[in-house]
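Single-structure report; data block below.
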There are 2 protein chains.
Amino acid sequence: MFVSTHETSLDSKGRVSVPASFRHALGGGQRVFLWPASDGSPCLEGGGEALMKFYQQTLARMSPNDPARRAFMHAIFTRSADLKMDDNGRVSIPKSLLEAAGIERELVFAGALDRFHVWSPERFAAFDSTMSAQLHSSQGALEAPFQAALAAGALAGLATPEGDK
Amino acid sequence: MFVSTHETSLDSKGRVSVPASFRHALGGGQRVFLWPASDGSPCLEGGGEALMKFYQQTLARMSPNDPARRAFMHAIFTRSADLKMDDNGRVSIPKSLLEAAGIERELVFAGALDRFHVWSPERFAAFDSTMSAQLHSSQGALEAPFQAALAAGALAGLATPEGDK
DNA sequence: GTATTTTCCATGGGATAGCATGGGATTAAA
DNA sequence: TTTAATCCCATGCTATCCCATGGAAAATAC
């Protein structure tokens, strides 16, 4: 899964190394999809073939006449770039996407479980502090899902993973 | 599959290069079909032999007396142009279709999974912002298919593509 | 614990093939 | 004969492929 953040930069040819841990999360495939984040965040969103397959299935479930289907299709498939990593795990991101995310030379890869995001460092820093503020102000709201998960036994055995030999 | 968007233009002879990634999506065939978008969008819609074969099967499933069959037949087969790419992957789009889509010289190829659309740049920009607006206002509506897909286990293993080693 | 080796990763850059584009030549239609 | 469509070749550009380098982390040996 896509975890952690990595700060890197574009080289003179406009290429960038996809962080190794993200490459592993991509499952060995060479294809990377990138599009402007669909939740409106001023960054790019990306994933591999597994994520795209999931989106494809989601589309297949929607009625062909559903107006939301067209919007969804457009947001993900029409606006995305289909990138191929070279043997060293680098991709070159189209100019239009770089502009949309406000990226000049430096950029941040941010893991998000089943996908990742690509930010300009400045925007990421701003987003980061917004998120911490929101987290602190909503501890109460977070309690509910945690408690529900606990009640469901989701954490069973988690406290003693394998360390006690 | 047809992904991403490409902006190009007609040359002095009225030809246009089909984007390379679309040619690959066409599966190596030389034939391209184009017709006015059947959902009423002010653009052209196109695909390859695979898509036409699918439509053919759809027609075969409909009752010969079904009035929708006639409309469907007309929309796709009667109104479509059967274009042949030259060795460099170019086609020339009939004037009537260009007029219908409001295309002068510049145009946009937009991928839509199993087909693609051809827009005038102005109309595409307008459509693009309409779609983003709609996406943001219908996040709730999108929840439904997502939840359905999740319930069906579409995400099983997605967050852990190659296993957590 | 320290030193040495091995592996993996990020980065730079040269060579090459594929792509978009322009235009001449040939063939077919009016 | 004129007009237009098709075929074919030429060109610059860009993306891709490939190899090389330096360094960090991990594994092994001392």
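A note on names: the letters A, B, ... follow the listed sequences, proteins ahead of strands, and every chain is numbered from 1. What's counted below: heavy atoms across the whole structure, side chains too, no hydrogens, waters or symmetry copies. Remember, predicted model here, so these are calculated numbers, not experimental data.
What separates CZ of Phe109(B) from C1' of dA20(C) is a distance of 12 Å, to the nearest Å. As rounded to whole Å, 13 Å separates atom P of dT16(D) from atom CG of Asp11(A). Per the geometry, CG belonging to Asp87(A) stands 18 Å off P belonging to dT21(D), to the nearest Å. We find that CG of Leu83(B) is positioned 12 Å from P of dA5(D), with the value rounded to whole Å. Separating the CG atom of Asp86(B) from the P atom of dC9(D) is a distance of 13 Å, rounded to the nearest angstrom. In this structure, Asn88(B) places its CG atom 16 Å from P of dG12(D), rounding to the nearest Å. If you take CE of Met85(A) and P of dC17(D), they are 12 Å apart, rounded to a whole angstrom. Atom CD1 in Ile93(A) sits about 19 Å away from atom P in dT14(D), given to the nearest Å.
Residue Arg90(B) places no side-chain N or O under 4.0 Å from the OP1 or OP2 atom of dA5(D). Between His24(B) and dC19(C) there is a side-chain N or O to OP1 or OP2 distance below 4.0 Å. Taking 4.0 angstrom as the limit, Lys13(A) places none of its side-chain polar atoms (N or O) nearer than this to OP1 or OP2 of dT11(C).
Comparing Ala20(A) and Ser12(A), the nucleotide of DNA chain C nearest to each residue sits closer to the 5' end for Ala20(A).
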Show the numbers, then the answer: is there a ring-ring contact (aromatic ring centres under 6.0 Å, His included) between Phe127(B) and His74(A)?
CA-CA 10 Å; Phe127(B) 179 75; His74(A) 188 80; 5.2 Å; yes
Apply side-chain contact (heavy atoms from CB on, under 4.5 Å) to residues Phe72(A) and Thr58(A) and explain how you reach the verdict.
CA-CA 10 Å; Phe72(A) 185 55; Thr58(A) 303; 3.9 Å; yes
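Distance from the side chain of Ser17(A) is smallest to dT11(C) among dT11(C), dT6(D), dC8(D). Nearest to the side chain of Arg15(A), among dT11(C), dC8(D), dC17(D), sits dC17(D). With distances taken from any side-chain atom of Pro19(B) to the nucleotides dC7(D), dA10(C), dA20(C), the minimum falls on dA20(C).
Atom CZ of Arg105(A) sits in a crowded spot, with more than 12 heavy atoms from other residues, nucleotides or ligands closer than 6.0 Å.
In this structure, Phe22(A) has its ring center under 6.0 Å from that of His6(A).
Under the 3.5 Å distance criterion, the side-chain polar atoms of Asp39(A) are matched with a main-chain donor or acceptor of Ser41(A).
Residue contacts for Val91(B): at a heavy-atom cut-off of 4.0 Å it reaches no nucleic acid atom on any strand shown.
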